[in-house]
Amino acid sequence: EPEVTQTPSHQVTQMGQEVILRCVPISNHLYFYWYRQILGQKVEFLVSFYNNEISEKSEIFDDQFSVERPDGSNFTLKIRSTKLEDSAMYFCASSEALLTAMEGNQPQHFGDGTRLSIL
Amino acid sequence: AQKVTQAQTEISVVEKEDVTLDCVYETRDTTYYLFWYKQPPSGELVFLIRRNSFDEQNEISGRYSWNFQKSTSSFNFTITASQVVDSAVYFCALSEAWPGDMRFGAGTRLTVKP
C-alpha cells in the first residue's frame with residue numbers, strides 16, 4: 001500500500017540553525033500538509049499546500065517557517081532559525097483530490113514523522 | 001472556528017471490556033468532516049474513519065463502531081471486547097470544507113490491561 005515517507009526520522013539541531021524536513025507524499029495525492037506534535041500533546045496543524053501554494057496556515061506557522069515542493073515528489077518544511085520550542089514530532093500528510101462535493105475532504109494519510117530535537 | 005474536545009485524558013480497561021471514547025466538536029460550518037486516528041506507542045498516526053456532516057449513519061467495522069450525533073455535536077468511538085493491542089492514544093479530528101486542514105482533540109490515552 002502506498003505511504004507517505006518522511007526523512008530523517010530523527011533530526012538533532014543546534015538552536016539558531018536552519019533545518020529542512022523532507023516528505024514524499026503518496027504519488028497521486030494533490031493536497032499536502034504539515035502538522036507538529038510537541039511531546040505528550042495534541043497534533044497541531046501548521047500548513048496546507050495545494051497547486052504549488054499555501055492554502056491555509058495556522059498561527060504557529062510564522063515567518064520562520066516555509067514550505068516548498070521543489071520537484072514532483074518532495075514536499076519540504078524549512079525552519080529558518082530554530083528555537084528550543086520547535087522541538088517536536090513533525091508529521092507530513094497528504095490526501096487525494098476532491099472528486100465531487102459529496103466526496104468531501106479525503107482522509108489524510110500521515111508519514112511516520114520526524115522527531116526534531118533542538119539543543 | 002473549529003474545536004474538538006476529548007474530555008477523557010486517560011482510560012484504563014481490562015481486556016475484553018467494551019470502552020467508549022468521547023468526542024465533542026464545535027464548528028460554524030454546515031459541511032464538515034470528522035475523523036478518528038490511532039497513535040500507537042510507536043508514534044505513527046493511523047487513519048481509522050472519516051464521517052461527513054451530512055451522513056449521520058453509524059458505522060461498525062469489526063470491533064470498532066462510531067456513533068455520530070449532530071444534535072449533540074458528538075462523534076463517539078466504541079471498541080468492543082478490547083484487546084491489549086488497542087492500547088494507544090486516540091485522536092478525534094475535525095476539518096471544515098476546503099482546504100481541509102484538521103484540528104485535533106487533545107487525545108485519549110487508552111490502556112488495555114491483560
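Per chain, numbering begins at 1; letters A, B, ... match sequence-line order. Values in this document were obtained by computation on a predicted structure and should not be read as measured data.
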Any side-chain heavy atom of B:Q6 sitting closer than 4.5 Å to one from A:K42?
no
Tell me whether A:M89 shares a hydrophobic cluster with A:L116, the cluster being built from Ile, Leu, Val, Met, Phe, Trp, Tyr side chains joined at under 4.5 Å.
no
At their closest point, which heavy atom of B:D101 faces which heavy atom of A:Q108, and how far apart are they?
CA-NE2, 4.3 Å
So, using ring pair (Phe, Tyr, Trp, His ring centres under 6.0 Å) as the criterion, who are the partners of A:F110 when residues are at least two apart?
A:Y35, B:Y37
Tell me, which pairs form a salt bridge (charged side-chain N to carboxylate O under 4.0 Å, His left out) where one or both residues lie in residues 67-94 of chain B, sequence neighbours left out?
B:R63-B:D86
Is atom NZ of A:K83 surrounded by more than 12 heavy atoms (other residues, nucleotides or ligands) closer than 6.0 Å?
yes
Where B:M102 and A:F45 come nearest, the two heavy atoms and their spacing:
O-CB, 3.5 Å
Which heavy-atom pair separates B:G43 from A:F91 by the least distance, and what is that distance?
O-CZ, 3.3 Å
Same apolar cluster: A:L84 and A:Y90, side chain cutoff 4.5 Å:
yes
Please flag which part of A:Q37 lies under 4.5 Å from any non-hydrogen atom of chain B: side chain, backbone, both or neither.
side chain
